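Everything numeric in this text was worked out from a predicted model, so none of it was measured.
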Amino acid sequence: MTNSDISALLEKIATAMAIKGMNQFKIRAFENGARIAADYEGSLEESALQGTLTSIDGIGKGIAEVISDYVSTGKSDELEEIMGDMPQSIFEIVEIPGIGPKKAGLIYQNLGASSLEDLERAARTNAIAELKGFGKKTQDTIIKGIELKKKYLGSRSIAYTLELWELIRAELLNGSPHMILSETGELRRRTETAGSLDILFSSPEPEKTFKTFAGLSCFESVSEKNEQKISARTTENFAVNLIKSEPSLFSLNLMLTTGSEAHTGKLLSALKEKGYNLNDRNFLTDSEDMVMEIPDEQTIYNLAGLPFIPPELRETGEEIETLKGKPSPIPVDLSDIKGDMQMHSQWSDGSATIEQMAEKAISLGYSYIALTDHTKSLYVAHGLDSDRLHSQQAQIDELNQKYAGKFRIFKSAEVDILADGSLDYDEETLKTLDFVLISIHSSMKMAKDKMTERIIKAVSHPLVHCLAHPTGRLIGRREEFSADWDAIFEAVKANGKALEINAHPSRLDLKWEMCRKALSMKIPIIINTDAHSPDGMEVMKYGVMTARKGWMTKEEIKKGLLINALETNELEQWLKKG
């Protein structure tokens with residue numbers, strides 16, 4: 001059982017409580033528990049079995065009992081009691097933008113709508129607009145939300161898919177030292193979501209491997225099996241495919257199954273131009289009677305007159321022409337990251353002290369962090385006014401004395417961009433910050449021209465350094481802001497600002513396509529976690545994956561285009577220039 005499974009359960013319980021209008025403090029406890037579970041780096045299942053869950057910060061006795069019950073039985077009495085006769089499909093409704101738990105409850109009680117199909121039928125027949133407290137505008141928002149949900153239906157986040165792959169990989173390799181095994185398909189290309197988890201393997205005992213796979217506890221059913229492949233579905237109805245390969249064909253099959261279709265098509269065309277073809281046995285041949293040895297993927301690319309192309313870059317097909325005649329790009333690596341420049345503490349909506357966040361960063365090998373608690377307008381996140389900010393800064397000064405010469409905490413804030421493009425702190429307060437990170441948390445549905453003006457005004461402020469989670473999207477839940485991104489990128493460049501890749505798997509914002517555009521314009525990037533707990537800093541890897549896919553390479557790092565790959569003294573200089 002994965003941490004994602006447990007996080008999803010706690011989130012479900014919190015949502016069910018909210019639908020029923022239960023105690024807000026209890027709802028918040030389960031919401032916090034879900035976030036902690038999602039961020040936790042160790043195995044919650046193991047902690048439950050060892051009885052050590054309450055030693056994890058933020059996990060109290062009640063939530064520990066719920067997790068332990070789930071781990072031991074595979075179900076939750078707590079959830080079942082709250083749900084009563086309410087159908088599970090109601091959770092589909094809650095996820096639609098413009099609804100939320102309270103409205104989902106009202107729709108269910110008044111219209112009997114308990115699934116995505118029911119909701120769409122009610123919206124299309126104008127029934128939702130007629131409900132008290134809804135109206136035509138809300139109904140239109142719901143219809144757009146349904147369309148967005150359908151776009152991602154059946155997909156899972158990269159975090160879910162990667163965690164599932166690591167669990168399955170460990171189980172399959174256990175006792176099978178001679179097996180060759182690799183993730184492939186969308187996960188190997190590190191797409192932000194995946195419609196399935198595809199795994200390629202070669203083993204001296206393939207039937208034994210198939211049997212082990214079919215018996216894994218994470219699966220609810222095996223949906224298909226033949227000599228070459230077995231498919232199963234997890235308890236969350238996610239498809240996993242295990243594909244067999246002959247050892248001599250593994251590298252070739254890995255290339256073919258990795259995709260994308262556009263990339264593979266261009267690669268095969270390039271091979272054909274060099275006189276190489278795939279025959280019906282999937283051997284790469286240069287004539288009808290000669291079989292090529294394919295020891296690794298690099299050999300395939302070299303035969304096509306290309307450098308090795310990392311899997312993350314194999315997406316649009318354009319990379320074939322772009323990289324022809326050039327050396328193989330070496331993408332950014334997690335080890336290049338020197339610090340994390342967006343995180344939250346107990347001063348606003350985080351769960352840990354500043355010192356606990358710093359100690360976690362030190363354990364990750366970082367040289368610095370920026371402490372970016374929310375500002376005063378974000379009441380729901382307990383944002384800091386100027387007086388509280390100055391008190392926080394005094395505490396940071398004390399900690400910096402403690403860490404002198406070894407580690408640095410930069411004074412910062414995630415400063416809200418107000419509706420008119422002004423910032424949530426006045427100039428005098430902004431000047432007390434080492435690093436000014438700005439973002440939007442309100443008035444997100446502005447007209448395109450107004451939103452564009454708002455963001456350009458904010459990034460043009462002389463004290464601003466970086467625009468955080470720039471597009472405001474939440475994958476599968478909220479579309480990006482309607483704005484002229486070409487104009488915004490030009491303003492960011494002209495004013496010497498940076499753009500953030502928010503590493504949280506629900507954001508990955510900037511998305512990789514926009515990262516590539518920014519780098520082509522020489523706009524600096526900062527990869528941040530937006531951590532609200534120490535374990536939240538572990539999601540940095542997803543931001544790095546997005547940057548890799550967005551063509552952030554060692555060359556861009558040398559050019560100073562990855563700000564949090566700078567050493568502390570180099571970062572200090574960049575911040576002063578800003």
Output yes when a side-chain donor or acceptor of [X] lies under 3.5 Å from a complementary backbone atom of [Y], and no otherwise.
{"X": "R156", "Y": "E236", "value": "yes"}
{"X": "T52", "Y": "S55", "value": "no"}
{"X": "E273", "Y": "A270", "value": "no"}
{"X": "D5", "Y": "T2", "value": "yes"}
{"X": "D484", "Y": "I488", "value": "no"}
{"X": "N502", "Y": "H504", "value": "yes"}
{"X": "R314", "Y": "T264", "value": "no"}
{"X": "K244", "Y": "E227", "value": "yes"}
{"X": "E319", "Y": "I309", "value": "no"}
{"X": "N3", "Y": "L44", "value": "yes"}

Residues 324-337, side-chain donor-acceptor partners within the protein, below 3.5 Å, at least two apart:
from : atom 1 : to   : atom 2 : distance (Å)
K324 : NZ     : E321 : OE2    : 3.1
K326 : NZ     : T322 : O      : 3.3
S328 : OG     : F308 : O      : 2.6
D333 : OD2    : S335 : N      : 3.1
D333 : OD2    : S335 : OG     : 2.9
D336 : OD1    : K554 : NZ     : 3.1
D336 : OD2    : D333 : N      : 2.7
D336 : OD2    : K554 : NZ     : 2.8

Tell me yes or no: between the side chains of [X] and [Y], is some donor less than 3.5 Å from an acceptor?
{"X": "D198", "Y": "T184", "result": "no"}
{"X": "D296", "Y": "S251", "result": "no"}
{"X": "T568", "Y": "R408", "result": "no"}
{"X": "D509", "Y": "T471", "result": "yes"}
{"X": "N528", "Y": "H469", "result": "no"}

Nearest 0.5 angstrom please: [X] [atom1] to [Y] [atom2], how far?
{"X": "L252", "Y": "E297", "atom1": "CG", "atom2": "CD", "value": "9.5 Å"}
{"X": "D286", "Y": "L271", "atom1": "CG", "atom2": "CG", "value": "11.5 Å"}
{"X": "I523", "Y": "I525", "atom1": "CD1", "atom2": "CD1", "value": "7.5 Å"}
{"X": "Y542", "Y": "R190", "atom1": "OH", "atom2": "CZ", "value": "9.5 Å"}
{"X": "E572", "Y": "N569", "atom1": "CD", "atom2": "CG", "value": "6.5 Å"}
{"X": "L508", "Y": "I158", "atom1": "CG", "atom2": "CD1", "value": "7.0 Å"}

>> Walk me through whether S223 and R233 qualify under side chain to side chain donor-acceptor pair (under 3.5 Å).
In response: CA-CA 7 Å; S223 54; R233 288 200 166 268; 5.2 Å; no
With a 4.5 Å cut-off on side-chain heavy atoms, are [Y] and [X] touching?
{"X": "I501", "Y": "R507", "value": "no"}
{"X": "K559", "Y": "E556", "value": "yes"}
{"X": "N564", "Y": "L571", "value": "no"}
{"X": "K338", "Y": "E567", "value": "yes"}
{"X": "F250", "Y": "L181", "value": "no"}
{"X": "I369", "Y": "M341", "value": "no"}
{"X": "C466", "Y": "L437", "value": "yes"}
{"X": "S506", "Y": "I475", "value": "no"}

>> For a side chain to side chain donor-acceptor pair (under 3.5 Å) check, start with the C-alpha distance between T372 and Q342, then their side-chain angles and the critical distance, and finish with the verdict.
In response: CA-CA 5 Å; T372 57; Q342 188 186 171; 4.6 Å; no
Heavy-atom pair of closest approach, residues [X] and [Y]:
{"X": "A194", "Y": "T161", "answer": "CB-OG1, 4.0 Å"}
{"X": "S7", "Y": "A38", "answer": "OG-CB, 3.6 Å"}
{"X": "T258", "Y": "L254", "answer": "OG1-O, 2.6 Å"}
{"X": "L566", "Y": "Y368", "answer": "O-OH, 2.8 Å"}
{"X": "Y301", "Y": "M255", "answer": "OH-CG, 4.4 Å"}
{"X": "A370", "Y": "S412", "answer": "CB-CB, 4.1 Å"}

> Relative to the ring of H344, is the ring of H532 parallel (under 30°), tilted (30 to 60°) or perpendicular (over 60°)?
Replying inline: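 Rings of H532 and H344: parallel, as their planes differ by under 30°.
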Are the aromatic rings of [X] and [Y] close, with centres under 6.0 Å apart?
{"X": "F407", "Y": "Y366", "value": "no"}
{"X": "F201", "Y": "F210", "value": "yes"}
{"X": "F238", "Y": "Y160", "value": "yes"}

>> For K558 and E555: C-alpha separation, side-chain torsions, deciding distance, then whether side-chain contact (heavy atoms from CB on, under 4.5 Å) applies.
In response: CA-CA 5 Å; K558 287 178 185 176; E555 283 303 308; 3.4 Å; yes
Less than 4.0 angstrom from a charged side-chain N to a carboxylate O is my criterion; do [X] and [Y] meet it?
{"X": "K549", "Y": "E315", "result": "yes"}
{"X": "E92", "Y": "K149", "result": "no"}
{"X": "E207", "Y": "K225", "result": "yes"}
{"X": "E312", "Y": "R548", "result": "yes"}

>> Considering only residues two or more places apart or on different chains, which pairs with a residue in residues 515-526 satisfy side-chain hydrogen bond (donor to acceptor under 3.5 Å, both in side chains)?
In response: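 Every pair satisfying side-chain hydrogen bond (donor to acceptor under 3.5 Å, both in side chains) with a residue in residues 515-526: D486-K517.
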>> Determine whether I294 and L249 satisfy the following criterion, side-chain contact (heavy atoms from CB on, under 4.5 Å), listing intermediate values before the conclusion.
In response: CA-CA 7 Å; I294 307 294; L249 292 173; over 6 Å; no
> I67 and V71: side-chain contact (heavy atoms from CB on, under 4.5 Å), yes or no, with the steps?
Replying inline: CA-CA 6 Å; I67 295 172; V71 167; 4.2 Å; yes
> Should S68 and L53 be marked as a side-chain contact (heavy atoms from CB on, under 4.5 Å) after you check the CA-CA gap, both sets of side-chain angles, and the distance that decides it?
Replying inline: CA-CA 8 Å; S68 297; L53 284 169; 3.6 Å; yes
>> Does T285 form a side chain to side chain donor-acceptor pair (under 3.5 Å) with N279? I'd like the steps, not just the answer.
In response: CA-CA 7 Å; T285 61; N279 69 13; 4.9 Å; no
